[in-house]
Every structure is written in C-alpha cells, then in structure tokens.
Number of protein chains: 2
Amino acid sequence: MDAGDGLRMAAERPNSRATMKDVARVAGVGVGTVSRVVNGKSNVSEESVAAVNAAIERLGFRRNDGARMLRTGATASIGLLVEDVADPFFSLLNRSVEEEVLRRDSVLLTASSDKDPERARKMILTFCARRVDGLVITLPEGGDEEYLRAELDAGTSMVFVDRPPRVLDVDAVIVDNRGGARTGVAHLIGYGHRRIACFTDRPDLYTASERISGYRDALEEAGIPFDPELVYSSATTREPVDEPLGRMLASDDPPTAVFAGNNRTSINVISALRIHKTSLAIVGFDDFELADVVVPGITVVAQDPKAMGRIAMGMLYKRLDGNVSPSQTIRLPTRLIVRGSGELSRDAVLAAR
Amino acid sequence: MDAGDGLRMAAERPNSRATMKDVARVAGVGVGTVSRVVNGKSNVSEESVAAVNAAIERLGFRRNDGARMLRTGATASIGLLVEDVADPFFSLLNRSVEEEVLRRDSVLLTASSDKDPERARKMILTFCARRVDGLVITLPEGGDEEYLRAELDAGTSMVFVDRPPRVLDVDAVIVDNRGGARTGVAHLIGYGHRRIACFTDRPDLYTASERISGYRDALEEAGIPFDPELVYSSATTREPVDEPLGRMLASDDPPTAVFAGNNRTSINVISALRIHKTSLAIVGFDDFELADVVVPGITVVAQDPKAMGRIAMGMLYKRLDGNVSPSQTIRLPTRLIVRGSGELSRDAVLAAR
DNA sequence: TTGAAAGCGCTAACAC
DNA sequence: GTGTTAGCGCTTTCAA
C-alpha cells in the first residue's frame, strides 16, 4: 500500500477522523512508530519523524485521547459539581479549579446540582462512569452521601468544598462560617448595637445554620439575650424581606443593625431598607460586586472562593499522586471588609429616627 | 470459574474497577448478556437479569463510558469555551448550556480563554482530541481562527457565541450590540441630551466597536455631531474612569449624560460620578445585579445570556442530528430596562449644576 | 530503530 | 436467549 492509498482510505470515511493506522500507511511506517512520534519519544529516526509529521499534517490527524486513556488508564480529567455555576461564589471557585486543572493538562467537567440531591447523584455517577481522576464536590443538603462510598472504594479521589462530609472519610475545604459570622456581629456590637436582626437562608442549609450559630455566639459573648423575633430565614434567596423587616421595625424594641447571612440577602435587605426609608447598620456575609458602590459601602465578611478552589485542588492532586495520610478538613478564615455600613453606630441610627 | 473466583479477581486489583468480564464471571453468564442488561435491552431472561444485577451490586461495577464511546463513536460530550467562566455574563451562558447538555444526557467540558488566543486554541484542540460531539465557543480577538477549519472538516460541529466568525462558515448566535447601543443612546437623546459621553472597552474588541457604532448611529439619526472628546475607551474594564470623566466635565461644553458600554464600566462611571459629586443621566449596556439597588436605579440595555446558550445549543444539536442547511448567524435583540438613571432630563442635570 | 501483535473495556454481529 | 468474537484507536511489550 502506498501513500495515496492511505489518503484515499481516510477520505472514504467522511466525518471520521484519520487514525494512527491511516497515518502509518501514508507515512509508510508502522503504527508503533507513529505513536512514538506523536508522543515525542526519542528513539525514532529523523526520516521517520519527518514522514510521520508530514502524514499527520496531510490527514489532519489528531490523537484520540479517549482511546489513549482506555489503554493507559488515566483520563486526565476532573469533575466539578457545585450548586450553580452561575452563582458568583461558585463561578469564582469554578475558575480557580480550572486554573489548577489546566496546570496539569487535564480537562474539567462541570455541573450544577441546583441543590437537588438526585441531580447531584446523577451527575457524580456520570462523572465516575467517565472515570474522572478526581472529583471536587459541593453536595446539596438532604441527600444521602453513602452512594459515594462505592466510588471512593473503587479508587476515585474526591474532595468536598464549602460543606464538610457527614459520614464519609474524605478531604474537605470549607469556610469558617461560624467564626466569620461571629466576627461580623461582634463588629456591630462594637458600635453599640444590641438589637441586631439576622436574615439568612433556610436554616437546614449547612452554611446558614453555621452562620446563625456564629451570630448567637457573638450575642452570647456580649451578654445580649437572643431574640428569635429578630431572626428571619427566607425560603429562597430571591424572596424580598421588606415584609419581615417591616414587622421588626414596627416592634416595641426595633433593631438598629442587621446581619445578612449571604450576599443575595444583603441586597434584599438594602432594598427593604430603601422601601422602609430607614437606615440601619449592616454587615453582610460574602462580598459582592458593587458592595462599595452603594452608599454607604456595605461592610462584609468576605470569603475567598479562589483560595478554596486552589487548596481543594492541591489536596486532590496530592491524593492522586499517592498521598494516603488521614483525610483532613481545612477551614478557611474569612476577612472583614470595612466600608461604612457596618460602622453606623447605634446612636447615629437612633438619632436619625 | 465460579462466582468466588470472579470476586477475588476484582479484589486482586485494588483501585481498579470491575469490568463487564468480571461481572460476567460472577454472574455466570457471557459478557454479551451483561452488556444487554446494563443497556436495558429486552431480550434477556429474568434469571440472567437478576444474576447480572446481583453481580453488579456485589462488585460495585459501573460501566466505563470511555470504552463504550471508543466503540460507539459518540462521546456524548460538549465543549464550552468562553472568556471567563467567572464573568457574570458567561457564567449565565455556561449554566444555560449546561441545562441543554443535561437534557441530552451528555457532559460538559468547560474552559476559560482569559482572552488569550493561544490558550483558546490549546483548549479547543484538547476538546477535539477528546472527541467532543460539539463545541460552543467565544473566540478571543486577535487570534487566527483558521486552525478550526481542520476540526470542522473532520466533522466536529461548532457554534460561535457572542462573536461572529470572521472567515469560517459556522453557526453563530450574537447579541445585537449595535442596535442595542443605538436604542440606549436614543433613549438619552429623547430626554433632551445632546452631549453624551461614551465609555467603553478597548475598541479592538468586537462588542465594544459594535456598541460605539450604535452610539454613533443614534447621534447621527438625531443630527448631533460626533465629538471624539466625549469618547473614552479603557484599556481594561477594571480601570477607574474618574480622570477622563473629570476632563470631560471640566470642558467648555460638558456632557449631561453618559452611555457606558458594559456593566463593569457602568459601575466605574457611577464611582467616578460619586468622586466628582455630580449626577448625569446614565444608560449602561448589560444588566447587573444591584442595578436597581443604587439610587437612582441604573437604566440598562439588557442582554439575555441564558437565551444565547439555549439557542446556541439548539443550533448545535440540530447539526449533530444531521442538519446540513447553510450556516446562519442569529442576532438576539436587547431589552431596555428603565430604572431612573436614564430618565434624568438634560434640564434636570443642568439645573443641578 | 522498528513492525507486529496483544489488549485496555466495551458493543454488536453472528452463530447456536 | 445467549456465548463468542472482532474491533473501536491507542500504547506497549517483544522480537527482529
């Protein structure tokens, strides 16, 4: 068979890529040699390299990585499952995970659970069926995590992000939600506030419940009694809070400050305050774009999703590289960013009433 | 060989998944039968199904989709390349593409070009090597798109998003940047403004240049002369604009309104106005969270990234399903969202000076 | 340095 | 119905 024959063969199968066999035929060498050239092995003669490269160029050959992986066993791919890739927090996490994946010349499979345990399960098992080398996952509340054990046993490395595992023995990197909330609320207390409202997500969410705990920690430390009337948990983060805030404002002993448990809620609180034409001191959990554009700027307890992704990938790759030390959970510190809204003193708020 | 033997075999290879061969051995059937059961074919006896399922359960078997795809040819995967998965626009696009991919039981590979043509090229070729069924791409400016032709010829379907192809004959879905900008600027003109500043991205970016054209279109229609002194293009979207805005404000004939060419720039303009303690009418291109929380709310020309993703995937899957009609470019309309900042009349602005 | 050949895990065609 | 087998495209011995 000569070169022309090989070329014809590839052309005969439209929409079908040239294979190493095709390249070998066109170059007049064996497939082993083609493989060596493609993988840059040194033990190939100059002429063979030239012939093979010419054939590759001519046929538009591109190695089929799927076939390669079937043979070698490693897929050079990582699966990432978060709540929602469009959420600012997770999209930043996504990006930083991507950077680490890129550094290892792998690819990243991504999916959003949409807080649905069943959807999460389906996506994770799909990733496992694709034999990803490792998994970075934020598991939604309410699901069973037991099904992951089989995958773990089968040798799929995984690291949990944003939420700790409940029963599994896996690495995790989470944010110090409780400590961060405590710091934020203590900051408000430092400005004289004693009636501090707390708006959060559904308390069955891990992060929300931790932040509420931190809120209570700060009150307790300051000797301020906890008043359930001042706590409101939205069913969804999109829900406006002007109604519950109005109720608190109309009470005998209204709040002079509010702690918002997440960035969406911070925005809802700002809108609600606007509606009620009132101003209160505000500290929000999680930073957001424009937090410094509204007046006053919003003081926040900031998380660092990029660091979370970077650290999670570091842990994951260590496992992939053979580390078998006991699993650990890394708790990332938060950072208080002072912008004005959290430094409105109790006296100033009362004077404006 | 009996069942026990098969189990031992799988156990003998730790970190290595059980294969259909293992399952077949344990279940005491042939691999063909296992394959039929796994794929839910009907022509299998009750007993075989039960035996196979028991073995699958026992071994923790999960089909290797990589091997399956090598055999069947379809990878059930889509590659998405955008500028930055953490950008609000692209993260929304990402999410809507994901939804469509999920509906087809495929997986999504994602990557960010970071506006680097070389990185884009690398990622795209990686996706092609993985034999993705289709590609959704936002190609960065300044790169050659010629290398995609080989992939196109090899049968990889692709659709461009947010930017049209320059030389390739491929489907695309883009936003009516020019028309949207024209509408936004005409809106300002309708409120009496004749001196309208224009702040944008680097004009060598497709979207920025289109929006500047739309800005000029609107001026021309109203018979307002174009004044280059009123146009400022930032080198980066993070660059503050208080300096150039200050220059315009200090001129003989200062602007009474500004058109901001993208959401980050809108924010920069708001900050700059704050610094100069001035208020001008503002219309921004692209909506953003909190646009309705600042006072006044920011009137914007909104895009619909979710629709873009949905439509792009619709086009892509039509191609994958065999559609060979001529390639087309769909131009998505924009929507003007009125919130207050764009309805500040020229008279009101001048009166406040 | 090189070609031939086995085999990764799966599907599908074929024979029984 | 079911077992056997060829082969998807690749890597990797093994001889030569």
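By convention in this document, chain letters (A, B, ...) are assigned in the order of the sequence lines, proteins followed by strands, and residues within each chain are numbered from 1.
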**Prompt:** Within the structure, does a side-chain N or O atom of A:Ser35 lie under 4.0 Å from either OP1 or OP2 of D:dT11?
**Reply:** yes
**Message:** Under the rule for side chain to side chain contact (heavy atoms under 4.5 Å, CB included), what residues qualify as partners of A:Ser106, not counting sequence neighbours?
**Reply:** A:Ala76, A:Val101, A:Arg104, A:Tyr317
**Item:** Results of side chain to side chain donor-acceptor pair (under 3.5 Å) for B:Ser35 - residues two or more places apart only
**Value:** B:Asn39
**Request:** Sequence neighbours left out, what passes salt bridge (Lys or Arg N to Asp or Glu O under 4.0 Å) with B:Asp105? Give chain and number order.
**Result:** A:Lys122
**Closest-nucleotide 5' rank along DNA chain C - winner of A:Val31 and A:Ser42** = A:Ser42
**Fill in**
Across all chains, not counting sequence neighbours, the side chain to side chain contact (heavy atoms under 4.5 Å, CB included) partners of B:Asp144 are B:Glu146
**Message:** At less than 4.0 Å, is any side-chain N or O atom of A:Ser45 found next to OP1 or OP2 of C:dT1? Yes or no.
**Reply:** no
**Complete:** From the candidates C:dC10, D:dC10, D:dT2, the one with an atom nearest any side-chain atom of B:Arg71 is C:dC10
**Message:** Just to verify, what does A:Glu83 make a salt bridge (Lys or Arg N to Asp or Glu O under 4.0 Å) with, not counting sequence neighbours?
**Reply:** A:Arg163
**Request:** Using atom CG of B:Leu70 as one end and atom P of C:dA12 as the other, report the distance to the nearest whole Å.
**Result:** 13 Å
**Qualifying residues under side chain to side chain donor-acceptor pair (under 3.5 Å), relative to B:Thr329, sequence neighbours excluded** = none
**Message:** Between B:Arg130 and B:Ser77, do the side chains contain a donor N or O and an acceptor N or O under 3.5 Å apart?
**Reply:** no
**Message:** Could you work out how much the helix from C:dT1-D:dA16 to C:dC16-D:dG1 bends, comparing the axis of its first five pairs with that of its last five, to 10°?
**Reply:** 50°
**Item:** More than 12 heavy atoms of other groups within 6.0 Å of A:Lys318 NZ
**Value:** no
**Prompt:** Which residues pass the side chain to side chain contact (heavy atoms under 4.5 Å, CB included) test with B:Ala74, sequence neighbours left out?
**Reply:** B:Asp133
**Message:** Once you apply a heavy-atom cut-off of 4.0 Å, does A:Val38 come out as touching a base, just sugar-phosphate, or nothing?
**Reply:** nothing
**Asked** Can you list the residues that meet the side chain to side chain contact (heavy atoms under 4.5 Å, CB included) rule with B:Asp87, with sequence neighbours excluded?
**Response** B:Asp84, B:Phe89, B:Phe90
Grab the N/O contacts between the protein and nucleotides 13-16 of chain C below 3.5 Å, and write none if there aren't any.
none

**Request:** Go through residues 60-68 of chain B and report each residue with a non-hydrogen atom lying under 4.0 Å from DNA chain C, sorted by number.
**Result:** B:Phe61, B:Arg63, B:Asn64, B:Ala67, B:Arg68
**Asked** Using a cut-off of less than 4.0 Å, is there contact between a side-chain N or O of A:Asn39 and OP1 or OP2 of D:dT11?
**Response** yes
**Message:** Rounded to whole Å, please give me the gap between CZ in B:Arg25 and C1' in D:dG3.
**Reply:** 14 Å
**Item:** Contacts of type side chain to side chain donor-acceptor pair (under 3.5 Å), residue A:Arg119, not counting sequence neighbours
**Value:** B:Glu98, B:Glu99
